[in-house]
Amino acid sequence: MVLPLARRALLAAALGSAGRPRLPRHHAPAAAAAAARPSSGAGGQPDTEGPGRATAMLRHLLLKMRATGPVTVAEYMREALTNPGQGYYTRGGGIGESGDFVTSPEISQVFGELIGIWYISEWIAAGKPKAFQLVELGPGRGTLTDDILRVFNQLASLLSKCDVSIHLVEVSPKLSKIQALMLTGGKAQSNPEDKSAYMKGISKTGIPISWYRDIQDVPPGYSFYLAHEFFDALPIHKFQRTEKGWREVLVDVDPDVPDQLRFVLSPSSTPATENFIQPEETRDHVEVCPEAGVIIQRLACRIENDGGAALIADYGHDGTKTDTFRGFRNHKLHHVLRAPGTADLTADVDFSYLRKMTQGRTATLGPIKQREFLKNMGIDLRLQVLLQNSCDTATHEQLHHSYDMLMNPKKMGDCFNFFALLPHHRLVHPDREHKPESKSPLPPVAGFNELLLKILWGFGH
Ligand code: SAH
């Protein structure tokens with residue numbers, strides 16, 4: 001593909017000369033194909049019980065279920081991941097090679113750099129507003145924002161008149177400390193007086209950073225939102241079609257095996273069955289993530305009112321898949337009901353549901369595959385520059401390896417998708433119908449526009 005000149009220039013300025021080859025931070029092991037966490041049912045391989053604290057989490061769940069009966073899968077997932085005492089993420093999560101799963105920003109710096117370019121390109125297309133907030137949901141170890149901030153720093157002269165601030169939405173106190181160390185070098189302070197931002201700091205390049213527990217606490221204003229492998233960690237409800245109609249899948253104590261959990265079906269329909277299953281549904285098993293719907297609604301309202309854009313990257317489907325709930329521990333599939341709190345639990349994101357929940361307040365683009373998005377963003381050009389700047393064979397090998405991890409359709413290239421929310425006027429001139437001839441063309445949306453071109457070519461041939 002020939003990269004449009006403007007984006008080529010932006011890439012060169014943002015990354016080019018200063019883009020010294022750097023080793024991928026976490027050389028992804030072969031099992032990191034698991035990072036793509038490809039497919040599996042709710043089962044996976046049964047695992048041994050986890051360390052003591054997980055046993056405490058299991059005991060807590062068993063006590064609860066013995067007292068009040070089975071819980072929804074959503075409640076189970078919320079407890080296992082973000083319980084304030086023993087949740088998987090509360091305890092720090094296992095992101096990275098030494099942990100349970102590895103994510104794209106942890107594989108290569110290029111990933112975050114290209115996302116940084118995406119925001120700058122949208123900022124330019126919006127007429128360079130005087131200020132913007134970059135809001136990341138679920139920042140993990142802070143690596144993605146760190147790579148984006150390096151791009152912003154490279155483009156400091158372009159951004160010199162723009163007031164940039166970073167806002168991180170993170171529930172895990174342990175991960176927020178890791179993020180603060182990564183982004184501020186440890187210069188962040190907890191902020192007990194402020195009811196919304198629980199921690200504040202200044203980035204290594206002088207940009208203010210605030211931490212929140214909820215997107216609602218982030219101040220209003222022109223904002224760019226980012227959610228990478230965030231929505232897949234939000235609790236899902238699961239439903240099964242039966243002869244008697246839809247039933248919700250619940251988690252209960254297994255009466256036959258001591259201290260073990262099992263899936264059961266609700267004896268009758270639940271409020272969730274009534275609310276979340278569409279009459280026209282054709283699948284026999286459906287997963288719904290209402291929390292994702294609420295968050296998308298909030299993002300869409302904020303973009304509609306204050307402007308900006310959202311970029312969401314995750315593995316997922318467009319309302320077609322059925323049973324995608326699975327667990328990961330030590331880069332291997334892990335039975336979702338074993339040793340809760342010691343494994344990552346995740347479910348594919350239903351992009352059709354996210355699109356629906358914007359309620360038409362914003363335009364949506366995608367989902368498109370990660371390899372297409374990164375190709376459109378110029379990953380090949382970036383790889384060439386990094387290869388040219390190094391004559392070290394080991395670095396070359398690692399650059400090729402991390403490129404392959406991100407782009408190979410069998411690894412992360414095909415199963416991860418990019419999806420964007422943009423104000424309607426970004427894609428359609430508001431008064432196009434009246435004076436079509438007087439309009440300058442709208443700048444294409446980076447990353448997604450090659451797809452649009454392909455569609456046009458498809459029609460042409
Ligand atoms: N974006 C990072 C990390 C993904 S893991 C990466 O790609 O490497 C999921 C992240 O979301 C973790 O930081 C976890 O603590 C956070 N998280 C999970 N549930 C959350 C919730 N309900 N609210 C805010 N953050 C949450």
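What you are looking at is a predicted structure, and each value in this text was computed from that prediction instead of being measured. Counting starts at 1 for both ligands and their atoms, in listed order. These numbers come from the heavy atoms of this one structure, side chains and all, not from hydrogens, waters or symmetry mates.
If you check the side chains of T346 and D232, you find a donor sitting under 3.5 Å from an acceptor. Under the 3.5 Å distance criterion, with hydrogens and angles disregarded, a donor-acceptor pair is assigned to the side chains of E136 and T145.
Interface of P105 with ligand 1, defined as ligand atoms under 4.0 Å from a residue heavy atom, comprises 7 (O), 8 (O). For ligand 1, the atoms closer than 4.0 angstrom to any heavy atom of G140 are 2 (C), 3 (C), 13 (O). Heavy-atom contacts of L175 reach the following atoms of ligand 1: 12 (C), 13 (O), 15 (O) (cutoff under 4.0 Å). The E136 neighbourhood of ligand 1 comprises atoms 1 (N), with distances under 4.0 Å to a heavy atom of that residue.
A 6.0 Å sphere centred on NZ of K187 holds no more than 12 heavy atoms belonging to other residues, nucleotides or ligands. Atom CD of Q189 has 12 or fewer heavy atoms from other residues, nucleotides or ligands within 6.0 Å. For K356, the NZ atom counts as loosely surrounded, since its 6.0 Å shell holds 12 or fewer non-hydrogen atoms of other residues, nucleotides or ligands.
Close placement of the F132 and F152 rings is indicated, their centers lying within 6.0 Å of each other. For Y212 and Y198, the ring centers are positioned 6.0 Å apart or more. Taking the six-membered ring where the residue is Trp, the centroids of H317 and F351 are separated by 6.0 Å or more.
For ligand 1, the polar-atom distance check against G138 finds a nitrogen or oxygen pair separated by under 3.5 Å. Where the criterion is an N or O separation shorter than 3.5 Å, residue side chain and backbone included, L234 fails it with respect to ligand 1.
Of the residues V135, D214, D217, I295, the one that meets the side-chain contact (heavy atoms from CB on, under 4.5 Å) test with V169 is V135.
For atom 6 (C) of ligand 1, the closest non-hydrogen atom on the protein side is T103 OG1, 3.5 Å. Considering only non-hydrogen protein atoms, atom 4 (C) of ligand 1 sits nearest to E229 O, 3.3 Å. Protein heavy atom at the shortest distance from atom 19 (N) of ligand 1 is T82 CG2, 3.8 Å. Closest to atom 7 (O) of ligand 1, if we only count protein heavy atoms, is H228 ND1, 2.6 Å. Looking only at heavy atoms of the protein, atom 13 (O) of ligand 1 is closest to E170 OE1, 2.6 Å.
Residue nearest to atom 17 (N) of ligand 1, selected from D344, T346, D314, V171: V171 (by heavy-atom distance). With F231, Y89, F230 as candidates, the residue nearest to atom 5 (S) of ligand 1 on a non-hydrogen basis is Y89.
A cation-pi arrangement is not found for R355 relative to F419, the charged atom failing to lie both closer than 6.0 Å to the ring centre and inside a 45° cone about the ring normal. In this structure, R326 satisfies the cation-pi test against Y315, with its NZ or CZ atom closer than 6.0 Å to the six-membered ring centre and inside 45 degrees of the ring normal.
Contacts with ligand 1 closer than 4.0 Å are made by no heavy atom of S104, backbone or side chain. When heavy-atom distances to ligand 1 are checked against a 4.0 Å cut-off, R141 has no atom that comes that close, whether in backbone or side chain.
Distances from ligand 1 to the non-hydrogen atoms of G93 include no value under 4.0 Å. Within the structure, ligand 1 lacks R78 among the residues with a heavy atom less than 4.0 angstrom away.
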